[in-house]
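Below is one structure, written out as structure tokens; the observations come after it.
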2 protein chains.
Amino acid sequence: MTLTPDGRSGRTIRSVQIAFNIIETLQERDRIGVTELADELGHSKSTVHSHLQTLEERKIIVRDGDGYRLSLRILDMAADVRDQVGNYDVIQDEVEALAAETGEIAQFGLEEHGQVSYLYKATGERAVVTASQVGMQQPMYSTSLGKTILAYLPPERTEEIVRNTEFEQITSQTITGPEELYDELEEISERGYGIDDEENIEGLRCVAAPVRNEETILGAVSITGPSSRFTDDRIHDELPEYVTRAANVIELNTKFS
Amino acid sequence: MTLTPDGRSGRTIRSVQIAFNIIETLQERDRIGVTELADELGHSKSTVHSHLQTLEERKIIVRDGDGYRLSLRILDMAADVRDQVGNYDVIQDEVEALAAETGEIAQFGLEEHGQVSYLYKATGERAVVTASQVGMQQPMYSTSLGKTILAYLPPERTEEIVRNTEFEQITSQTITGPEELYDELEEISERGYGIDDEENIEGLRCVAAPVRNEETILGAVSITGPSSRFTDDRIHDELPEYVTRAANVIELNTKFS
DNA sequence: GTCGGATGTTCCCCTCTCCCGAACGAATTA
DNA sequence: TAATTCGTTCGGGAGAGGGGAACATCCGAC
């Protein structure tokens with residue numbers, strides 16, 4: 001199937017798909033054996049077995065007790081991924097500083113596959129607890145990070161993403177259609193920051209500022225907090241200043257290769 | 001081929017191998033295109049292309065400018081991996097505490113594929129700089145972590161690992177054969193901690209203590225420092241106490257499922 | 001001790017995948 | 001506008017890989 005929105009061919013390799021089905025299953029539930037995996041995925045034991053052998057040889061998975069789990073090599077890969085995306089150290093420092101300053105949740109995210117992926121998350125003293133975590137993906141249209149990034153991506157890329165977006169009403173405030181979204185993107189690029197007013201999680205508001213370089217946008221920085229603390233005043237005055245400053249510092253300190 | 005040391009069949013899946021060759025190449029050098037990858041790996045462009053499409057659909061990789069890189073989903077996977085291995089929070093706390101106390105490098109490692117993999121690393125105030133990093137793999141026989149783990153693994157597992165080990169003389173002090181290694185393992189299990197006396201890196205000594213539960217060994221904790229500070233006295237007196245205490249705390253706080 | 005059930009492993013065969021080569025499009029440069 | 005590059009698509013033929021069944025191994029139960 002390969003939902004190729006533009007009708008591209010999208011030829012995909014079956015055995016690789018199977019391999020990643022196995023990996024994803026192992027990600028969710030550790031220490032599974034051949035039989036259980038075979039049942040779960042609807043393949044024969046022999047098939048799963050040779051896949052597991054391949055993955056073990058590649059040191060992606062490891063036997064642990066009876067069953068397999070993902071190996072620590074994933075951590076090594078993760079470290080490389082972090083290094084490949086902009087200047088991770090600066091992002092880390094600034095997001096931490098932002099969280100410390102405001103006491104709230106501060107995050108850095110960027111666009112991948114038409115969604116926001118979180119690269120770093122810091123929690124301040126008074127921060128609320130949320131499910132979001134590093135590596136996680138969220139919709140563009142319901143988050144301050146996503147909308148802010150959309151507002152600054154090249155127009156054709158923004159259109160591509162919006163065109164392939166299925167809008168879901170997550171809260172009562174969620175943007176539910178392209179027109180409404182484009183209006184808001186307009187607003188964001190005018191004032192320079194984006195806002196999520198309980199559009200993704202009931203009771204939570206966010207403010208985000210873009211991190212750009214000469215030609216493109218790298219991602220965005222945001223802070224998240226309860227609506228009680230993110231009042232109408234603060235959300236259009238004090239808070240945008242915080243995130244914009246953090247974004248600027250990251251911009252300045254990011255060296256491009 | 002699949003070097004199966006015991007002569008097991010080891011049937012392995014070609015297309016999955018290709019997929020991981022691509023992933024590993026992307027890990028080392030980001031932002032590569034189809035043609036370059038095809039050349040590098042010795043495959044046709046069309047082959048590489050369909051692999052890239054598969055990996056992109058699975059959100060393992062992502063287009064970035066012209067070329068691909070690994071996606072942030074790897075970070076999400078990494079988070080799950082950390083959670084699957086014992087009690088990560090406790091390990092983190094204790095290793096950090098150990099580094100702070102001693103001012104040196106403190107690490108937690110465990111055995112995977114007959115090697116030591118680092119799960120966590122903390123650097124103290126005076127810590128030397130080393131190349132080791134989270135997720136990285138090192139030989140068992142040349143590290144304090146590895147030897148300590150070997151000393152406490154089930155004998156048959158230890159034998160299996162040693163049997164499949166090719167000893168390389170890394171420094172002048174490196175253990176170069178099974179007999180010598182088994183002698184040292186004996187010593188370690190008698191005194192309760194392991195030592196690396198410049199066997200892996202010239203000028204560096206380490207001390208490690210095992211982290212065990214009722215039936216098996218989870219991994220080991222170590223501290224690393226220059227031989228000038230890790231004197232003969234300290235390395236057999238003060239330093240073992242530090243690591244052993246940290247190991248014990250982890251043992252006590254690790255809940256088993 | 002022995003049986004039954006569950007597991008992981010191996011083998012062989014047949015089909016369908018997937019790798020290649022070549023042609024095509026698109027984009028950039030001269 | 002031609003020429004070179006890149007990514008993409010297509011069809012075919014070889015061989016890979018998925019399935020099934022038999023084997024091996026380990027367990028607990030009786």
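Here is how names work: the chains are called A, B, and so on, in the same order as the sequence lines, proteins then strands, and each is numbered from 1. All values reported here derive from a predicted model rather than from experimental measurement.
If you measure from atom CZ of R31(A) to atom C1' of dG8(C), you get 18 Å, rounded to the nearest angstrom. Taking atom CD1 of residue I13(B) and atom C1' of nucleotide dT17(C), one finds them 12 Å apart after rounding to whole Å. Following rounding to the nearest Å, L55(B) (CG) and dC18(C) (P) show an atom-to-atom distance of 13 Å. Protein atom CD of Q17(A) is 12 Å distant from nucleotide atom P of dG18(D), rounded to whole Å. When rounded to the nearest whole Å, the span between NE2 of H51(A) and P of dG17(D) equals 8 Å. For the pair I32(A) CD1 and dG8(C) P, the computed distance is 11 Å after rounding to whole Å. For the pair R11(B) CZ and dC13(C) C1', the interatomic distance rounds to 10 Å; values are reported in whole Å. Here dA27(C) presents its P atom at 11 Å from CD of E156(A), a figure rounded to the nearest Å.
Distances shown here put every side-chain N or O of H43(B) at or beyond 4.0 Å from the OP1 or OP2 atom of dC19(C). For dG8(C), the OP1/OP2 oxygens have no side-chain nitrogen or oxygen of H49(A) closer than 4.0 Å. Side-chain N/O atoms of T47(A) include none lying less than 4.0 angstrom from OP1 or OP2 on dG18(D).
Taking the centre and axis of the six-membered ring of F20(A), the NZ or CZ atom of R58(B) falls outside the cone set by 45° and 6.0 Å.
Note that OG1 of T174(A) is 12.0 Å distant from CG of L181(A), once rounded to the nearest 0.5 Å. Atom-to-atom distance recorded for D80(B):CG and L75(B):CG is 11.5 Å, nearest 0.5 angstrom.
Listed by first then second residue, pairs satisfying ring pair (Phe, Tyr, Trp, His ring centres under 6.0 Å) with a partner in residues 136-155 of chain B read Y141(B)-F167(B), not counting sequence neighbours.
Mapping S46(B) and V16(A) onto DNA chain C by nearest heavy atom places V16(A) at the nucleotide closer to the 5' end. Nucleotides of DNA chain C nearest to R14(A) and G33(A) differ in position, and the one nearer the 5' end is that of G33(A). Along DNA chain D, the nucleotide nearest I18(A) and the nucleotide nearest K45(A) are compared for position; the residue whose nucleotide lies closer to the 5' end is I18(A).
With sequence neighbours excluded, no residue satisfies side-chain hydrogen bond (donor to acceptor under 3.5 Å, both in side chains) with E180(A).
If you check every strand for non-hydrogen atoms under 4.0 Å, S15(B) touches sugar and phosphate atoms only. T35(A) comes within contact range of the sugar-phosphate backbone alone, with a heavy-atom separation under 4.0 Å but no base atom that close.
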